[in-house]
> 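There's a structure below that I have some questions on.
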Amino acid sequence: IDYIPTVNSLEGKSKSIFFSICQKLSKLIHPFKLYHHLSKRNAFNSFSKKYLLISRQKYIGEQSLVNAQFSYDAYIAGSDQIWNTRISNQSKAYFLHFPKSGLKIAYAGSYGKEQLEELEVLYIRQYFPQFHALSVREDSANEFVKGLGLVSSTVLDPVFLLSSNIWESIMEELPVPKEYIFVYAMEDNETINNIIEKYNCENLKVIYCDGGGSQLGIKGTEVTGVSPGQFLYLIANAKLVLTNSFHGTAFSILLGKKF
């Protein structure tokens, strides 16, 4: 289902409008940021059309899902931070509040944090009992769900359900040095910068990709607007991967890279 959440609360709406205006002004002032945003969006849209089966209709806001006449046999929610209301604009849709019939299944659901928000606990208590099958990605989440008297299990992140051969088959080449360090970071990290300094003595090029939307103070060449296939290629061909990201780590393991 091609779904885009909207802001539910007035407080969230005012903050969203403020940040939206700031982001647009920032892109006008810094054309490179606008180019980065558009190229990344185009790359992801192209990848999605090629590999994913997505509903023809785009649903914007929870009410559009409630009003829709879906006829699916099952609805699966998952996985990475899908229940983190801070990044979903407090949407109930990822808790599958809208289906009128059919099975509700959660696979490797994640909050992406140890301490839950009050709203998240409310959603969990209200909607989790309606699921026909529940599984989560973290042990801490599993313990919480079981504490509510519900049956749950901890399972692998979905990226591990596919073999490395399948991930390699969807890679997309892009120009890279013969030997390089690939840095995929969610935010600045002193440890990462120290390791980069250590390997600089080997004259390795440093290529980095910002995974968290913040400006990174890394000395190297930034790659922007990469597709998921190009991201995999950057990991697969690196001599060393430096990351503070779950999926940076996961794909390094899957592709047999030193990290």
Side-chain angles (χ1 to χ4, degrees), residues 40 43-54 76-84 87 94 105-114 133-142 152-187 189 191-192 195-196 198-199 202 204-213 216 218 220-259:
K40 180 178 180 180
F44 270 72
N45 286 343
S46 176
F47 183 89
S48 297
K49 288 179 182 178
K50 186 175 181 179
Y51 293 106
L52 304 179
L53 292 176
I54 302 176
I76 303 176
S79 62
D80 188 36
Q81 298 200 50
I82 194 169
W83 297 320
N84 185 340
I87 61 176
Y94 300 108
I105 301 168
Y107 181 81
S110 169
Y111 314 109
K113 53 191 174 183
E114 291 292 328
L134 272 171
S135 64
V136 294
R137 195 179 68 181
E138 289 91 12
D139 286 334
S140 57
N142 191 29
S152 177
S153 58
T154 305
V155 296
L156 285 172
D157 187 271
V159 299
F160 289 104
L161 299 181
L162 300 180
S163 69
S164 58
N165 291 336
I166 294 178
W167 290 117
E168 289 167 358
S169 72
I170 63 174
M171 288 183 187
E172 300 171 3
E173 291 188 26
L174 72 168
V176 293
K178 185 177 181 179
E179 291 191 334
Y180 63 93
I181 298 172
F182 179 54
V183 181
Y184 180 61
M186 307 304 291
E187 67 278 321
N189 185 296
T191 302
I192 287 179
I195 296 174
I196 291 173
K198 174 184 176 181
Y199 277 86
E202 299 185 16
L204 291 175
K205 300 290 185 182
V206 176
I207 297 177
Y208 71 92
C209 184
D210 166 22
L216 300 177
I218 295 173
T221 302
E222 183 180 13
V223 288
T224 62
V226 297
S227 69
Q230 290 173 327
F231 171 74
L232 293 173
Y233 185 86
L234 286 166
I235 292 179
N237 289 276
K239 184 172 183 179
L240 174 69
V241 177
L242 300 181
T243 184
N244 52 19
S245 154
F246 174 92
H247 285 105
T249 304
F251 282 116
S252 296
I253 294 171
L254 278 164
L255 298 174
K257 302 308 297 184
K258 182 180 179 182
F259 67 97

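Quick note: residue numbers are just sequence positions, from 1.
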> Y51 versus I170: any side-chain heavy-atom pair under 4.5 Å?
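Y51 reaches I170 side chain to side chain.
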
> State whether a side-chain donor-acceptor pair under 3.5 Å links E138 with T154.
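On atom types as modelled, these side chains do not qualify, holding no pair under 3.5 Å.
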
> Would you mind reporting whether N237 and Y180 have side-chain heavy atoms less than 4.5 Å apart?
yes

> Quick check for you: to the nearest 0.5 Å, what is the distance between K49 atom NZ and I54 atom CD1?
9.5 Å

> Do C209 and V183 pass the side chain to side chain contact (heavy atoms under 4.5 Å, CB included) test, and can you show the C-alpha distance, the side-chain angles, and the key distance before you say yes or no?
CA-CA 6 Å; C209 184; V183 181; over 6 Å; no

> Can you see which heavy atom on D157 is nearest to which on A108, and at what distance?
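Minimum heavy-atom separation between D157 and A108: CA-CB, 4.5 Å.
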
> Roughly how far, to the nearest 0.5 Å, is the CD atom of E172 from the OG atom of S227?
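S227 OG to E172 CD: 3.5 Å, rounded to 0.5 Å.
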
> Nearest 0.5 angstrom please: L240 CG to I196 CD1, how far?
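Atom-to-atom, L240:CG and I196:CD1 are 9.5 Å apart.
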
> Which pair of non-hydrogen atoms, one from S152 and one from S135, has the smallest distance, and what is that distance?
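It is OG-CA, 4.2 Å.
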
> Checking S110 against Q81: is there a side-chain donor and acceptor pair closer than 3.5 Å?
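Side chains of Q81 and S110: no pair found under 3.5 Å.
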
> Which heavy atom of V159 sits nearest a heavy atom of A250, and at what distance?
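Between these two residues, the closest heavy atoms are CG2-CB, 3.9 Å.
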
> Among F246, F182, Y184, W167, find the one that has a ring-ring contact (aromatic ring centres under 6.0 Å, His included) with F251.
W167

> Checking W83 side chain against Y94 main chain: does a donor-acceptor pair fall under 3.5 Å?
yes

> Please evaluate residues L156 and R137 with respect to the criterion side chain to side chain contact (heavy atoms under 4.5 Å, CB included), reporting the C-alpha separation (whole Å), side-chain torsions for both, the decisive distance (0.1 Å), and the verdict.
CA-CA 6 Å; L156 285 172; R137 195 179 68 181; over 6 Å; no

> So does G112 get a backbone contact from the side chain of N84, meaning a donor-acceptor N/O pair under 3.5 Å?
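A pair under 3.5 Å: no.
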
> Begin from the C-alpha positions of L234 and V241 and carry the test side chain to side chain contact (heavy atoms under 4.5 Å, CB included) through to its verdict.
CA-CA 9 Å; L234 286 166; V241 177; over 6 Å; no

> Nearest 0.5 angstrom please: S169 OG to L232 CG, how far?
9.5 Å

> Between CG of L255 and CD of E168, what distance do you get to the nearest 0.5 Å?
6.0 Å

> Quick one: does any side-chain atom of K257 pair with a main-chain N or O of A236 as donor and acceptor, under 3.5 Å?
yes

> Can you measure from NE2 (H247) to CG (L254) and round to the nearest 0.5 angstrom?
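H247 atom NE2 to L254 atom CG measures 9.5 Å (nearest 0.5 Å).
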
> Go through the steps to decide whether F231 and V223 satisfy the test side chain to side chain contact (heavy atoms under 4.5 Å, CB included), and finish with yes or no.
CA-CA 10 Å; F231 171 74; V223 288; over 6 Å; no

> For the residue pair K205 and I181, establish whether any side-chain heavy-atom pair is separated by less than 4.5 Å.
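Not in contact.
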
> Within the structure provided, determine whether V136 and Y107 are in side-chain contact (heavy-atom separation under 4.5 Å).
no

